[in-house]
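Convention: sequence-line order gives letters A, B, ...; per-chain numbering from 1. Source: prediction; values computed, not measured.
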2 protein chains.
Amino acid sequence: MSVTIKDIAKLANVSHTTVSRALNDSPLINQETKERIRQLAMHLNYTPNYNAKSLVLDRSYNLGLFFSTLHTGTSAGFLYESLKGVNHVIKDEYNLIVRGIDDYRSYHKVNRKSYDGIIVMSQSSADQEFIEYAAGLEIPLVVLNREVENVQVMNYIPDDQRGACRIVEHLIAQGHRDIAIIEGKQNFKSTQARLDGYVEAMIRHDIPQREEYRVQGNYDLESGHAAMTRLLQLDHRPTAVFCCNDDMALGAIKAITERRLSVPGDISVAGFDDHVFSAFMTPALTTVRRPIEEISREGAAQLLSFIETKQVEKSKVLFHTELVIRDSVQPIIR
Amino acid sequence: MSVTIKDIAKLANVSHTTVSRALNDSPLINQETKERIRQLAMHLNYTPNYNAKSLVLDRSYNLGLFFSTLHTGTSAGFLYESLKGVNHVIKDEYNLIVRGIDDYRSYHKVNRKSYDGIIVMSQSSADQEFIEYAAGLEIPLVVLNREVENVQVMNYIPDDQRGACRIVEHLIAQGHRDIAIIEGKQNFKSTQARLDGYVEAMIRHDIPQREEYRVQGNYDLESGHAAMTRLLQLDHRPTAVFCCNDDMALGAIKAITERRLSVPGDISVAGFDDHVFSAFMTPALTTVRRPIEEISREGAAQLLSFIETKQVEKSKVLFHTELVIRDSVQPIIR
DNA sequence: CACAGTGCTGCACACGTTAACAATGTGTAT
DNA sequence: ATACACATTGTTAACGTGTGCAGCACTGTG
């Protein structure tokens, strides 16, 4: 059907070995024959059969990009930035296979023969099992976005707690004391980290915390809307709300304006992530930038270098988050 | 290193052929031996080497999901919905490889050995070359989102022109006559289709078109903002603006509110796509729903069935777009 | 002239799997 | 008893590529 090195060999009157060597630029082959064979290959439109190569070289040319889930809890922006970052680094020789971990019924198909390396964009500790599995198989592995315990892997994460603490301190600096938090999806590591940051800031500034100011969300728009609706029904309404991601912040703002209240006039709202949309919302959202694209890029680069050299420090690297002040938070007028 | 069928064969005192047959549930093998071998395989934690399988079966187990670009012009929501739709359908046995067509320097690595099938999420006619290449190689192929010419492929597309026409007619029905359009990215097929819909509606209702009401955008937030800014500088401002996607609509609204004008009080804004965010914007965006997830799902399903049965009608299927009326368009008070 | 060295090429096998064909044993009809 | 069908298993080759080793021709050296 398609052209093989044997076909080329026949036409060039050499053995297929010579063809293989010529195409792989082996020093054993005479320059002229090399050139002749290459011309011929090009002319015949030869493309190597990567399945055969994979078999003998024991490399799949596949890289896996795995998300905790593709159904819910993974925002479009997160997916987009991750993919973009990784894709930017991937050399032409790798295929990038994208998948949700929770889609697997069995991890059977994930093994060293099928993946040269794996990038886990981890959001939930439910991934732990998968990560341990992959680590156990000694597949080159980098876990991004979530701090992973027990397993020795390259682990690149944003400093969520610090970011959350900073933005809550920003709210406090604007005079707010009645600050609510709409939390992220349960069991997501980031949910805990951001909550920790909130608590840290509140304690540091001696602000008493109210039980009813902590509301559960799940990182999507609707949950932000629902959570805010509950907060608005409180007798003593908060003057500011920290939403654990921008999607929920948008939902929250919707809930507020539906009640004919204004942001930030009546209630200040802060988000987290710095979604592409956030600068364009009305009001533009004050939030925390989480450098997902950089993390993906750096993680992918390290993974590639590990695959090639087999050596790199397996360690945790924190990426700075950054306060982005826009219009959705206003000082309180006493 | 890892367990192969030959290892199992030795332990089971049979030939490796028997093992292969047993694991593939061949009717040639005795039930008891079959069971025995399967137990053994399970016990040894055997996983088949897909590279070897691929080589002999001439199947890669790879499916390609190709976008025109992953850099700019592809919105996060579009990527997300596409991936979600396709992923929903993919059987466990396929790997989904995601890539931007404009990332290829050569299509060399795209061939029938490497891909069992390809889904092109086409946005630009710049893909045409790639599509023709893939079609020429007789790789099972489905092109989604953009109407493709000359090539006989499965082609599933949203009815953009009809949707655009409908929403512009909606603006007209609300009394608007000074209707501007912010166009999409140049050379994107959808840009043309939506413009055609706009023109169709205007002509049908005998509304004179002004040259200066047609402004170029490129589907991203910033371009919507810039285009709207230009429109606002006009002596005779439009009373309504049809933005060719929701991202640009958001940018446009930003530009309007920055000038202390209100949407829809002073200017009505309509979008296209029905991005997840659109219902939650302030004001909630009147737009056209484009069923990307359904299209991806249906396209992927057809591709799989084609791969298996090798027969399906290669034809164009139009998916209905749907007018979604929210709060960003207001009747004109004369 | 013998010998070692060098530069290039081919033979034969390996990778792990499937499949055409052969071989074996068992039962059944003649 | 013989032939024949049938059920089950094994032998062998094949898929396309890379590679250790052997072999060839030629060159230079003693």
With a 4.0 Å cut-off on heavy atoms, is [X] in touch with a base, just the backbone sugar-phosphate, or nothing at all?
X       : answer
A:Tyr46 : sugar-phosphate
B:Asn51 : nothing
B:Ser15 : base

Going by the rule ring pair (Phe, Tyr, Trp, His ring centres under 6.0 Å), which residues pair with [X] if we only count those two or more places apart in sequence or in a different chain?
X        : result
A:Phe78  : none
A:Tyr115 : A:Phe66
B:Tyr50  : B:Tyr61

| query | Has A:Ser20 got a side-chain N or O lying under 4.0 Å from the OP1 or OP2 atom of D:dG18? | reply | yes
| request: Tell me whether the OP1 or OP2 atom of C:dC8 has a side-chain N or O from A:Thr18 closer than 4.0 Å. | output: no
| request: Quick one, give me the B/S/- string for nucleotides 20-27 of chain C, reading 5' to 3', where B means a protein heavy atom under 4.0 Å from the base and S means that only happens at the primed atoms, P, OP1 or OP2. | output: BB------
Please state how far atom [atom1] in [X] lies from atom [atom2] in [N], giving the value in whole angstrom units.
X       : N      : atom1 : atom2 : value
A:Glu35 : C:dC8  : CD    : P     : 15 Å
B:Ile29 : D:dC6  : CD1   : P     : 18 Å
B:Ile5  : D:dT9  : CD1   : P     : 16 Å
A:Asn49 : D:dA14 : CG    : P     : 17 Å
B:Asp25 : C:dT17 : CG    : C1'   : 17 Å
B:Lys6  : D:dT11 : NZ    : C1'   : 12 Å
B:His16 : C:dT18 : NE2   : P     : 9 Å
B:Asn24 : D:dT8  : CG    : P     : 17 Å

| field | Qualifying side-chain hydrogen bond (donor to acceptor under 3.5 Å, both in side chains) pairs with a residue from residues 13-22 of chain A, counting only residues at least two apart or across chains | value | A:Ser15-A:Thr18
| task | Determine which pairs satisfy side-chain hydrogen bond (donor to acceptor under 3.5 Å, both in side chains) with at least one residue from residues 124-143 of chain A, sequence neighbours left out, and list them in order. | result | A:Ser68-A:Asp127, A:Ser122-A:Asp127, A:Gln128-A:Glu132, A:Gln128-A:Arg146
| field | Inter-end axis angle, the helix from C:dC1-D:dG30 to C:dT30-D:dA1, with every axis fitted to five base pairs (rounded, 10 degrees) | value | 70°
| message | My understanding is that only residues two or more places apart in sequence, or in another chain, count here; which of them pass side-chain hydrogen bond (donor to acceptor under 3.5 Å, both in side chains) with B:Ser60? | response | B:Asp116
| request: Let me know, please, whether B:Asn13 or A:Lys53 comes out on the 5' side of the other along DNA chain D by nearest nucleotide. | output: B:Asn13
| query | Does any donor atom in the side chain of B:Thr74 or B:Gln123 lie under 3.5 Å from an acceptor atom in the other side chain? | reply | yes
| request: Answer with yes or no whether the side chains of B:Asn87 and A:Asp103 bring together a donor and an acceptor at under 3.5 Å. | output: yes
Please identify each residue that fulfils salt bridge (Lys or Arg N to Asp or Glu O under 4.0 Å) with [X], with sequence neighbours left out.
X        : result
B:Glu293 : B:Arg297
A:Arg36  : none
A:Glu147 : A:Lys316

| For B:Val120, the option from B:Val142, B:Leu144, B:Ile101 that meets side chain to side chain contact (heavy atoms under 4.5 Å, CB included) | B:Ile101
| Near DNA chain C, under 4.0 Å by heavy atom, which residues of residues 54-63 of chain A? | A:Leu55, A:Val56
